[in-house]
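Have a look at the structure below before the remarks.
Residue numbers begin at 1 in each chain, while the letters A, B, ... track the order of the sequences.
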Amino acid sequence: MTAAASVITRFAPSPTGHLHVGGVRTALFCWAYARRHGGRFILRIEDTDQKRSSEDAARGILEDLAWLGIHWDEGPIWAPRHAAAAGVHPHSVADSGPTTIGGDPRSVGPFFQAQRLDIYNRHLDALIERDLAYPAFDTAEELDALRREAATRKETFRYRRRPGYDRDAALRRLRAGEPCVVRFRMPDEPVRVTDAVLGEIDFTEEHLDDFVLRKADGFPTYHFAVVVDDELMGVTHVLRGQEHLNNTPRHVALQRALGFRTPVYAHMPLIFNADGSKMSKRDKDKAVRRAMPAAADTQASVMAATSLSPSDLATWLADKTRQLPTDALLSIARALDLSLPEIDVEDFRRSGYLPEVLCNYLSLLGWNPGMKHADGTDLDRFDMTFLAEHFSLDRIGKSNAKFDRDKLLAFNQAAVAALPPAEFDRRWREWCERYDPALPALLGDRFALAARAVQPRIRTLGQCREPIAFALWPDDGVTFDEKAVEKTLRKGDPTGLAVLRDFLPTLESLADFAPEAIDAAATAFCESRSLGMGKLAQPLRVAVTGSTVSPGLGETLGLIGREGAVRRIRRCLETL
RNA sequence: GGCCCCGUCGUCUAGCCAGGUCCAGGACACCAGGUUUUCAUCCUGGUAACACGGGUUCGAAUCCCGUCGGGGUCACCA
């Protein structure tokens, strides 16, 4: 590990929405690479698109990263106290990490590009001065015309400064404040990009154009801001998605013009949906649109669940490019009994995935540690500490990956099951506070027992209500599954009903109604009568839950409580 | 369409750079058995891939060429 301290990476999202899984993986790798080499990891907000950027989105991204445990050394300051002020629960920040994330110890900030306009302009002026950049006054219509013209000749349009360009006149117009963009004079020579993942890639000059450095609104373009900031912030390694590969020669040429260093580039394979389509925030809208019934009255009932007006819904239904707020989407999905596809970090969090599992799974998309267990199986379950110790550029793959929800689910289930019970209890409570605040109140002091019953039976925290749903019903609200009743209560010799009647006094007189005591009593009862456990357990299940499926007998009865259990069994005996 | 990248089981991948130990290993999914009071676990076993065609070589998943296929990108978005 030579020159260890010299590594500086950054994650630079644009704040146009929640962080999505592709972004998470990029952030994760940047973070891990910096950690691995004892370097620094910067978070920078690329908010140069005034129309699409929002402070809310920026805050959401910080929140997402903090929850994932991807902590930045430099960048916007994030602290639990600030979180509380923003209406976010302080527990949402991982316990293990520092309480405050970010800051500007080297004074290379600010970390919002919109606050760095002076810096960009300074470098831009220097380029204009040397005629390496120049103002251009073309209108959108003129550019369109040029593009169309190129298209009819079956050529790719590429903007280059015309031979007769009058620089002095252009500079006069610029100083006069005439609206214009400033373009880079792309040198007429090929550019070779060296990539740590893909190797050496040559781009010939005829495909490189005089791209825009500063937009008419005075903001820098992504290309310009990224090159300036990476240099000023000392970024040594740029890890990003392969969609940026074709931008790289532009950045390299710009760096040369500005006398900047070229960082090490590592372009990562892309992540797609299981069906090969692009993972998009619109997938959620798409899913709801597809499930939306045609009938007007059903639509109306669905809409009642949201604050939408009929016209809002109509325009959204008609225009496939429109997106509904997540809240609305969620309520409609609930009304339709539909689960939305998870795309953003927030979606996975709401579904109840563990942050460390999401990180583990995502880091396996396009990378792997290349290590085996003693039994020869591949090492593929690991935590953030492991990632930080073993992540390396040379094990990043080249081919795109499809996101496999089943595998994520399997990882999550295993991780949930492996949690110490007290830890599971804590995590579930935390999740409930944010997404199901009514549940802890409903469960009251039964929460711990519910946690115990639920932990080995769920894949995500969002599924926790399911295995213990019976415990939330009123005692006279059990609906009996007819098939179960027939099979476990009416048939057999003795019948289930007879066994129940026989067992009821035992239950009523139990000194201790803890799961262990219940199970012990049930076992003793069966042994004394030479009955198989199923002869008692199944009738009991049906009597108190209505079905043959439930957690362990002791847990099930314990959750309902002695009084409730007796009441439910009596009711069963009386009505059937 | 131009340019660029990629191509091992259904999916994620190991193996490729330094050709033989690979009739290709693991994980998820799937199928079949088993354990268990139901469910969920857990255990055992199984199906399943080197895109295709040439070449180099004693020998190619591994090196070279071509074909086909997939993806990215061609903005005053990032």
Exercise. Given the side-chain rings of A:His223 and A:His251, with only the six-membered ring counted for Trp, is the space between their centroids under 6.0 Å?
Worked result: yes
Problem set entry | Between B:C28 and B:G20 - P atom distance, rounded Å | 29 Å
For this session: Considering only atom C1', compute the distance from B:C22 to B:C50 and round it to an integer number of Å.
Result: 10 Å
For this session: Counting Watson-Crick and G-U wobble pairs only, both distances under 3.5 Å, name the nucleotide matched with B:G10, or none.
Result: B:C28
For this session: Could you work out the separation of B:G54 and B:C68 based on their C1' atoms and round it to a whole Å?
Result: 14 Å
Exercise. Between A:Leu245 and A:Gln50, which has a closest nucleotide on RNA chain B that is more 5'?
Worked result: A:Leu245
Seminar exercise, completed: B:C74 -> Watson-Crick or G-U wobble partner, both distances under 3.5 Å, gives B:G1
Exercise. For the side chain of A:Ser399, counting heavy atoms from C-beta on, which of B:G7, B:C12, B:A27 is nearest?
Worked result: B:G7
Exercise. Does B:U67 have a Watson-Crick or wobble mate here (both distances under 3.5 Å), and if so which one?
Worked result: B:A51
Exercise. Are a donor atom and an acceptor atom from the side chains of A:Asp283 and A:Asn273 found within less than 3.5 Å of each other?
Worked result: yes
For this session: Describe the nucleic acid contact of A:His223 in one word from base, sugar-phosphate, nothing, applying a heavy-atom distance below 4.0 Å.
Result: base
For this session: Using the C1' atoms only, state how far B:C52 lies from B:U8, rounded to an integer number of Å.
Result: 14 Å
Problem set entry | Cation-pi check, A:Arg381 onto A:Phe411 ring (under 6.0 Å, within 45° of axis) | yes
For this session: Determine the contact category for A:Val212: base if any of its heavy atoms lies under 4.0 Å from a base atom, sugar-phosphate if only primed atoms, P, OP1 or OP2 are that close, otherwise nothing.
Result: sugar-phosphate
Exercise. Where the side chain of A:Ala401 is defined as all heavy atoms beyond and including C-beta, which of B:C4, B:C12, B:C77 is the nearest nucleotide?
Worked result: B:C12
Problem set entry | Options B:G2, B:C28, B:G26, nucleotide nearest the side-chain atoms of A:His207 | B:G2
Problem set entry | N/O (side chain, A:Arg541) to phosphate O (OP1/OP2, B:C39) under 4.0 Å | no
Exercise. Quick one: is B:A78 close enough that its OP1 or OP2 comes under 4.0 Å of any side-chain N or O from A:Thr48?
Worked result: yes
Exercise. Would you say a side-chain N or O of A:Lys215 is under 4.0 Å from OP1 or OP2 of B:A78?
Worked result: yes
Exercise. Expressed in whole Å, how much space separates the P atoms belonging to B:G46 and B:A27?
Worked result: 12 Å
Exercise. Is the closest basic N to carboxylate O distance between A:Arg282 and A:Asp285 below 4.0 Å?
Worked result: no
For this session: Using a 4.0 Å heavy-atom cut-off across all strands, classify A:Asp217 as base, sugar-phosphate, or nothing.
Result: nothing
Identify each atom pair where a protein N or O and an N or O of nucleotides 69-71 of chain B are less than 3.5 Å apart, giving names and distance.
from	atom 1	to	atom 2	distance (Å)
B:G71	O2'	A:Asn400	ND2	2.9

For this session: Pick the P atom in B:C16 and in B:U21, then give their distance to the nearest Å.
Result: 12 Å
Seminar exercise, completed: Of the listed B:C3, B:C28, B:U73, the closest approach to the A:Glu243 side chain comes from B:U73
Exercise. Hey, does A:Ala216 reach any base, or is it just sugar-phosphate, or nothing, if we go heavy atoms under 4.0 Å?
Worked result: base
For this session: Measure from the side chain of A:Thr156, starting at C-beta and using heavy atoms only, and say which of B:A29, B:A14, B:C74 lies closest.
Result: B:C74
For this session: Select base, sugar-phosphate, or nothing to describe what A:His244 touches, counting heavy atoms under 4.0 Å on all strands.
Result: base
For this session: Return no unless some side-chain N or O of A:Lys398 is found under 4.0 Å from OP1 or OP2 of B:C6.
Result: yes
For this session: Evaluate whether atom CZ of A:Arg162 has more than 12 neighbouring non-hydrogen atoms of other residues, nucleotides or ligands under 6.0 angstrom away.
Result: no
Exercise. Taking the side chain of A:Thr548 as heavy atoms from C-beta outward, which of B:U38, B:U37, B:C12 is closest to it?
Worked result: B:U38
Exercise. Between A:Arg395 and B:C16, does any side-chain N or O lie under 4.0 Å from OP1 or OP2?
Worked result: no
Exercise. The side chain of A:Leu198 lies closest to which of these nucleotides: B:A78, B:C6, B:A27?
Worked result: B:C6
Problem set entry | Closest-nucleotide 5' rank along RNA chain B - winner of A:Ile201 and A:Arg147 | A:Ile201
Problem set entry | Nearest-angstrom distance, P atom, B:A14 to B:C9 | 12 Å
For this session: Take atom C1' in B:U62 and the same atom in B:G55, then report the distance between them in whole Å.
Result: 15 Å
Problem set entry | Which nucleotide in B:C28, B:A78, B:G26 has an atom nearest any side-chain atom of A:Asp404 | B:C28
Exercise. What nucleotide among B:A40, B:A14, B:C28 has an atom nearest to a side-chain atom of A:Gln413?
Worked result: B:A40
Problem set entry | Touch class at under 4.0 angstrom, heavy-atom based, for A:Asp138 against every strand present | base
Problem set entry | Sugar-phosphate only, base, or nothing, as touched by A:Gly241 at under 4.0 Å among non-hydrogen atoms | nothing
